[in-house]
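One structure below.
Letters go in sequence order (proteins before strands), and every chain restarts at 1.
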Number of protein chains: 2
Amino acid sequence: MPVQPATNIFEKHNHRRCLKGGMDEARALCQTQGLRLTPVRARVLEILLESHKALGAYDILAILDMDGMGRQPPVVYRALEFLVQSGLVHRLEKLNAFAACCHQGSAEGRGHEPMFLICTQCRQVAETSLKEVEGSIEKCAAALGFEVQSRVVELIGRCPACQGGAGL
Amino acid sequence: MPVQPATNIFEKHNHRRCLKGGMDEARALCQTQGLRLTPVRARVLEILLESHKALGAYDILAILDMDGMGRQPPVVYRALEFLVQSGLVHRLEKLNAFAACCHQGSAEGRGHEPMFLICTQCRQVAETSLKEVEGSIEKCAAALGFEVQSRVVELIGRCPACQGGAGL
DNA sequence: TCCATATTGTTATCTTATAACATATCACTT
DNA sequence: AAGTGATATGTTATAAGATAACAATATGGA
């Protein structure tokens with residue numbers, strides 16, 4: 001699997017590669033980890049990969065319903081739980097929403113804990129490494145004797161494309 | 001108003017001072033800003049100041065109800081909105097819950113954007129400055145051309161007191 | 001084929017949050 | 001003191017997000 005630099009999704013990019021690459025990666029991951037990428041799970045991932053936007057569980061469910069793949073909340077929540085646990089999808093706490101992981105094949109692969117940059121206007125979500133921030137975070141935590149298990153870092157603002165127009 | 005160092009709430013401390021100091025500060029703030037600390041607002045703040053724990057809106061509402069101060073969700077949500085906007089209370093995105101700001105009189109006063117340390121076991125929430133982390137955060141954002149409007153930084157883990165016992 | 005396990009279908013319910021509108025209170029002017 | 005506009009509260013209803021529980025089915029290995 002070729003290792004490529006992380007895509008800056010705010011720049012013009014070959015989005016087909018995000019979609020295809022994401023699906024290929026998911027299949028490969030499930031293969032090696034003995035996980036099952038069932039039709040519903042694959043479709044949910046695909047829906048999320050189709051844009052870099054954060055989607056709510058019920059938005060996804062509506063699409064599944066149109067596809068005839070289920071209309072009850074547990075259908076989508078179970079698929080999302082699987083995808084989040086495998087690192088293929090991330091949960092955005094600030095939005096109560098989900099976005100596909102777009103770091104396939106990059107140096108910061110799955111299992112990483114990213115920082116998110118969330119555009120309030122277009123809802124696009126970029127993902128970047130927490131590595132550079134992590135040191136100072138751990139230092140603060142250590143100073144208080146706190147044992148860090150996981151981190152939520154989400155920046156709310158405007159992406160380059162949305163900065164021109166009217167403010168939100 | 002005396003400026004005192006920020007309290008480490010994970011250490012033994014004079015909690016009465018947190019409560020009294022918090023209320024005094026709130027009254028002073030509202031005085032100078034022309035805001036109204038009405039009975040419901042004051043009571044919600046007091047409920048949150050009584051511990052350093054994160055409480056859900058409906059937890060708070062149940063207490064208000066026992067006090068005979070209202071039983072409908074908008075009562076508590078409106079009070080919380082006011083308190084969050086004035087910087088007296090913070091919202092914890094990861095928990096969909098709220099905690100009183102405990103930086104009264106400290107150098108990093110109100111209006112700051114803190115980092116939160118949330119204990120999964122006892123639900124206590126400590127607050128510390130984002131100052132030291134902010135630089136590296138802004139750098140990442142700038143590299144992507146992203147305009148940051150606000151930040152969510154929440155560390156999930158175990159506070160010193162909860163580290164001894166069984167893991168969660 | 002049979003079994004244990006993992007997955008999906010379905011119903012019901014729970015938690016969190018807000019819209020909308022009526023009523024009351026406050027703070028200021030006359 | 002009465003009027004007035006803005007702010008705050010009371011109340012009903014409902015939206016939005018999430019999960020518990022159990023029945024039915026599919027899957028992969030013995």
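A salt bridge links B:Arg151 with B:Glu138: at least one charged nitrogen is closer than 4.0 Å to a carboxylate oxygen. By the 4.0 Å N-to-carboxylate-O rule, A:Arg43 lies close enough to A:Glu50 to be salt-bridged with it.
Toward the 5' end of DNA chain C, the nearer of the two residues B:Leu95 and A:Arg36, judged by each one's closest nucleotide, is A:Arg36. Between B:Asn96 and B:Arg78, the residue whose closest nucleotide on DNA chain D is further toward the 5' end is B:Arg78.
The distance from atom NZ of B:Lys94 to atom CD of B:Glu154, rounded to the nearest 0.5 Å, is 8.5 Å.
Rounded to an integer number of Å, the gap from CD of B:Gln72 to C1' of C:dT16 is 16 Å. The CD atom of B:Glu81 sits 8 Å away from the P atom of C:dT18 (whole-angstrom rounding). Taking atom CG of A:Leu37 as the reference point, atom C1' of C:dA6 lies 15 Å away to the nearest angstrom. Whole-Å rounding puts the B:Tyr58 OH to D:dG17 P distance at 14 Å. With rounding to whole Å, B:Arg71 atom CZ is found 17 Å from D:dA13 atom C1'. Straight-line distance from the CG atom of B:Leu35 to the P atom of D:dA8: 8 Å, rounded to whole Å. One can place CZ of A:Phe98 at 16 Å from P of D:dA16, the figure rounded to the nearest angstrom. Protein atom CD of A:Gln31 is 11 Å distant from nucleotide atom P of D:dG28, rounded to whole Å.
Ring pair A:His90/A:Phe98: centre-to-centre distance not below 6.0 Å.
The ring of A:Tyr77 does not lie on top of the base of D:dT19; it is either too far (5.5 Å or more) or too tilted (30° or more).
Nearest to the side chain of B:Val40, among C:dG9, C:dT18, D:dT9, sits D:dT9.
Residue A:Arg41 is in sugar-phosphate contact alone, with no base atom involved, counting any heavy-atom pair closer than 4.0 Å across all strands shown.
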